[in-house]
Amino acid sequence: MKTSIATVSISGDLREKLEAIAAAGFDGVEIFENDFLAFDRSPAEVRLMAEDLGLDITLFQPFRDFEGLPEPQRRQAFDRAERKFDLMQALGAPLMLVCSSVAPAAMGGIDRAAADFRELGERAAKRGSKVGYEALAWGRHVNDHRDAWEVVRRADHPNVGLILDSFHSLSRRIDPDTIRSIPGDKIFIVQLADAPALDMDLLYWSRHFRNMPGEGDLPVVDFARAVAATGYTGPLSLEIFNDQFRAGSPRTIALDGHRSLTFLMDQVREAEPAIAPTLPALPRRVSVKGVSFVEFTADESEAETLRSMLGQLGFARTGRHRSKSVERFSQGDINIVINTEREGLAHAAYLTHGTSAYAMGLLVEDAQATLARAQALDAQPFAQRVAPGELSIPAVRGVGGGVIYFLDDHSDLARVWDVEFEAAPAAGAGGAGLVGFDHIAQTMNYEEMLTWILFYRSIFLVDKGPMVDVVDPSGLVRSQVIENDDGSLRLTLNGAESHRTLAGHFIAETFGSSVQHIAFSSGDIFASARALKANGLEPLQISRNYYDDLAARLGLASETIAQLAELNILYDRDAGGEFFQLYTPNFGEGFFFEIVQRKGAYAGYGAVNAPFRIAAQKRSIRPANIPAR
Ligand SMILES: O=C(O)c1ccc(O)c(O)c1
Ligand SMILES: [Mg+2]
């Protein structure tokens, strides 16, 4: 199936848009009238540009307020259309998108609109052109694809067809299965867009908040499945009006778009094998079985600080790399790697970001198949020179240019620790009861969040939670959970809008997005807290006011409150269970570790506690580090 995207979806001038769209691998492009009008090249030159880039022009749009007008506006609308047909001929655009009228003068009436379209179809035919009718969700008389289809059906002209746009149908909660009875050859093009669930005026929602399929909350997959059922074989075309995308990098947004269509077609093929068998088959979405390790890059002196903090957290050094300056620390199922090499990506990451958790290893069913799926979804593979005796571990680039390695149990990769590391005589503390990775928090600029949500969702079998606002004393941070069913992969993506927030400060000081904290799980957080204390680790100090409120809010026994306060443990509960959190002091420019315990089926991440934790962290770091308000 061919892919296409409307120029309105991307930032830049028309040339930049077309170049980014072609580079991302799209087959075609919808030319938005304003993008053309604002550009200083002739239609013929634009046509050549698209041709040189290997892009089909799928349509020209929008043509507004056409149908159902009284005279003399009706004549004028046809005259306007003729001028646009001239332009389309010069551009080589085969199809004009006519969106349903919002004109106050438009009279309504299915037959009147159908008669107008039949005449428009006649005129289009004379120019070798076609017209498609799209119901805007806020159209004056036609605002439902079922009515638009009835107009097209009654127009009964080969050059007049229907244009479907997922936003207009799904924003009005029209059942997408109503599309299944429309003949596929009368659907001239299908536009796709997702959007976050917002309770908002339809026009405003559509023009500012659309996003790529898979980034939002609309049932775009159900919509695309219904389209597939009609036998439609034309392009799937993204049409994304989004303020943030208009200001974003053209290449990144175009790539996100391409990834979103690949992912969408994959879901359609999987759900409708009988009716969409021609879509390309990818390895299935990957079920992650756990985080196998997190790797830090550091210089020697910061590595020493990190080793000492890991020691206080109860980690033991369990291995040394056979040929590199790389060490392994372990506790329970947790592996932390410290890499102080002076070459390769680890060192490059150190030079760019300073000491940072730049890589993680995920345990999957089949590492090679995971890499294949990730690459099919436009992820950038990562490989570096493999020394004798080392394994080549399949990997892709992730957030902030970091690396995600894939390990499995079925290949040589299962023995990576034995092959690459010499077991070290266990040196270090006696353990603090930490058993696994609970979650890994990646901090990024807010504008990057949708990119990474789509990245994770399209490659792995994960779900996204709702976007949560976390209040930092200096601004908002948006937090988005990405997790799998059994909780063996839990990521929190934190998007900073202001550099004055702790998260924003971290990005600014480390020159980009990366892991800001790692949460370990404990089976008994009170025992872990005491072990840390015995190891000399002074945890983040939480305000007394927090504990007084906890007593009032949740009615905990005063002994429990006293114990939580003594050990600086934060508490939350939900319908499923309880949650306990403890934080280390910051390391470097705002990195920290967290220890959590989940009791019962607590499903959250302690978001209610985040403002108090952040305030405590801000008190604890040198005031000069954070710019004043
Ligand atoms: O917002 C609009 O006016 C508009 C125009 C053309 C479209 O295809 C569309 O979906 C919306
Ligand atoms: Mg549209």
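Just so you know, ligand 1 is whichever comes first in the structure, and atom 1 is the first atom listed for that ligand.
Close contacts of ligand 1 with Leu136, meaning ligand atoms under 4.0 Å from a residue heavy atom, involve 4 (C), 9 (C), 11 (C). Residue Glu239 has at least one heavy-atom neighbour below 4.0 Å for each of these atoms of ligand 1: 6 (C), 7 (C), 8 (O), 9 (C), 10 (O). Less than 4.0 angstrom separates some heavy atom of Glu134 from each of these atoms of ligand 1: 6 (C), 7 (C), 8 (O), 9 (C), 10 (O). With ligand atoms numbered from 1 in the order given, ligand 1 contributes 8 (O) to contacts under 4.0 Å with heavy atoms of Leu97.
In terms of polar-atom proximity, defined here as any N/O pair under 3.5 Å, Trp138 makes no such contact with ligand 1. The shortest N or O to N or O distance between His168 and ligand 1 is below 3.5 Å.
The shortest contact between atom 1 (O) of ligand 1 and any protein heavy atom is with Arg207 NE, 2.6 Å. Taking atom 6 (C) of ligand 1 as the reference point, the nearest protein heavy-atom neighbour is Gln61 OE1, 3.0 Å.
Residue Glu33 places no heavy atom under 4.0 Å from ligand 1. Residue Phe241 places a heavy atom less than 4.0 Å from ligand 1.
Aromatic ring centres of His208 and Phe241: separated by at least 6.0 Å.
Among the atoms of Gln61, none of the N, O or S atoms falls under 2.8 Å from the Mg ion (ligand 2).
Counting only N and O atoms by type, the side chains of Tyr456 and Glu483 include no donor and acceptor under 3.5 Å apart. Defined by atom type and a distance below 3.5 Å, a donor-acceptor pair is present between the side-chain atoms of Glu448 and Ser513.
Ion pair Arg75/Glu119 flagged as a salt bridge, since at least one NZ, NE, NH1 or NH2 atom sits closer than 4.0 Å to an Asp/Glu carboxylate oxygen.
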Legend entry - Test log, rule side-chain hydrogen bond (donor to acceptor under 3.5 Å, both in side chains), inputs Glu30 and Gln61: CA-CA 7 Å; Glu30 296 182 14; Gln61 76 144 326; 2.9 Å; yes
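Between Phe117 and Tyr133, the ring planes are tilted. Angles from 30° to 60° get that label.
Neither the backbone nor the side chain of Glu30 comes within 4.0 Å of ligand 1, counting heavy atoms alone.
At the Mg ion (ligand 2), the angle from OD2 in Asp165 to OE1 in Glu239 is 80° when rounded to 10°.
When you scan the N, O or S atoms of Glu134 for the one nearest the Mg ion (ligand 2), you land on OE2.
In this structure a side-chain-to-backbone donor-acceptor pair under 3.5 Å is missing from Gln76 to Arg80.
Heavy atoms of other residues, nucleotides or ligands lying less than 6.0 angstrom from CZ of Arg172 number more than 12.
Scanning both residues, Leu95 and Gly132, for their nearest heavy atoms gives CD1-N, 3.7 Å.
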